[in-house]
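Since we're looking at a predicted model, the values are computed, not measured. Read the numbers this way: they start at 1 and go in the same order the structure lists the ligands and their atoms.
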Amino acid sequence: MPGFKVAIDGPAGSGKSTISKRIAEQLNLTHIDTGAMYRAITYIALQKHINLDDESSYVFMQDLKVRYEKNRIYVNDMDVTDQIRSDAVTRNVSKVSSFPYVRRFLVQIQQEAAQNIDVIMDGRDIGSVVLPDADLKIFLTANVKERAKRRQKEKEVLGIKQELDALENEILERDHKD
Ligand code: DC
């Protein structure tokens, strides 16, 4: 897999995507946010009203082309960048990403996307599974309060106000599920 590879792993809200975007701009690397891919599958699964608890119902993915390009996420050329940040997606994405079938499918797409290019990829399993031979591996984390504050700011931009305590609990719950 030629090309310079940077892997950024770490928990929700630690700033992986923000940092990756900045590094990508400065070092002229392609950035791929793999969490956006898991979110995109979750969004489509919700749209299709499949049984989210049944791994075999995710075969619909076989007809999907998932692509992350220039900070946007596409499913079969449909831009779903805004839709994947909904609360419904955030609530269900840990479950969807727990299925080996879903992971195998997306890991393959991620490895193919990283082939032959200089890339910075962020997600939970990038240094361990997706790019085990990455030139640089970073595990980025932050305390729960900071992560909750980041999430609060993101939500404010979307016009949603939420208490810090509630967000901290949400983050702890998602850490546990992830
Ligand atoms: O980084 P994020 O919050 O957008 O990620 C959404 C979810 O996707 C997160 O709950 C865990 C999952 N995920 C994963 O299992 N593996 C990855 N490489 C990236 C994300």
Give a yes or no answer on whether the side chain of Asp122 reaches the backbone of Ile8 with a donor-acceptor pair at less than 3.5 Å. no

The criterion is salt bridge (Lys or Arg N to Asp or Glu O under 4.0 Å); which residues satisfy it with Glu156, sequence neighbours excluded? none

Report every pair formed by an N or O atom of ligand 1 and a protein N or O atom separated by less than 3.5 Å, giving atom names and the distance to 0.1 Å.
unit_1, atom_1, unit_2, atom_2, d
ligand 1, 1 (O), Arg124, NH1, 3.4
ligand 1, 3 (O), Arg39, NH2, 3.3
ligand 1, 3 (O), Arg174, NH1, 3.2
ligand 1, 3 (O), Arg174, NH2, 3.3
ligand 1, 4 (O), Arg39, NE, 2.8
ligand 1, 10 (O), Arg174, NH1, 2.9
ligand 1, 10 (O), Asp178, OD1, 3.0
ligand 1, 10 (O), Asp178, OD2, 3.2
ligand 1, 15 (O), Arg103, NH1, 2.8
ligand 1, 15 (O), Arg103, NH2, 3.3
ligand 1, 16 (N), Arg103, NH2, 3.0
ligand 1, 18 (N), Thr34, OG1, 3.0
ligand 1, 18 (N), Arg124, N, 3.2
ligand 1, 18 (N), Asp125, OD1, 2.7

Should side-chain heavy atoms under 4.5 Å link Ile, Leu, Val, Met, Phe, Trp and Tyr, which residues sit in the same cluster as Val157? none

Partners passing side-chain hydrogen bond (donor to acceptor under 3.5 Å, both in side chains) against Asp53 (at least two apart in sequence or in another chain): Lys95

Ion pair Arg39/Asp82, N-O distance below 4.0 Å: no

Is there a side-chain contact between Val93 and Tyr43, using heavy atoms and a 4.5 Å cut-off? no

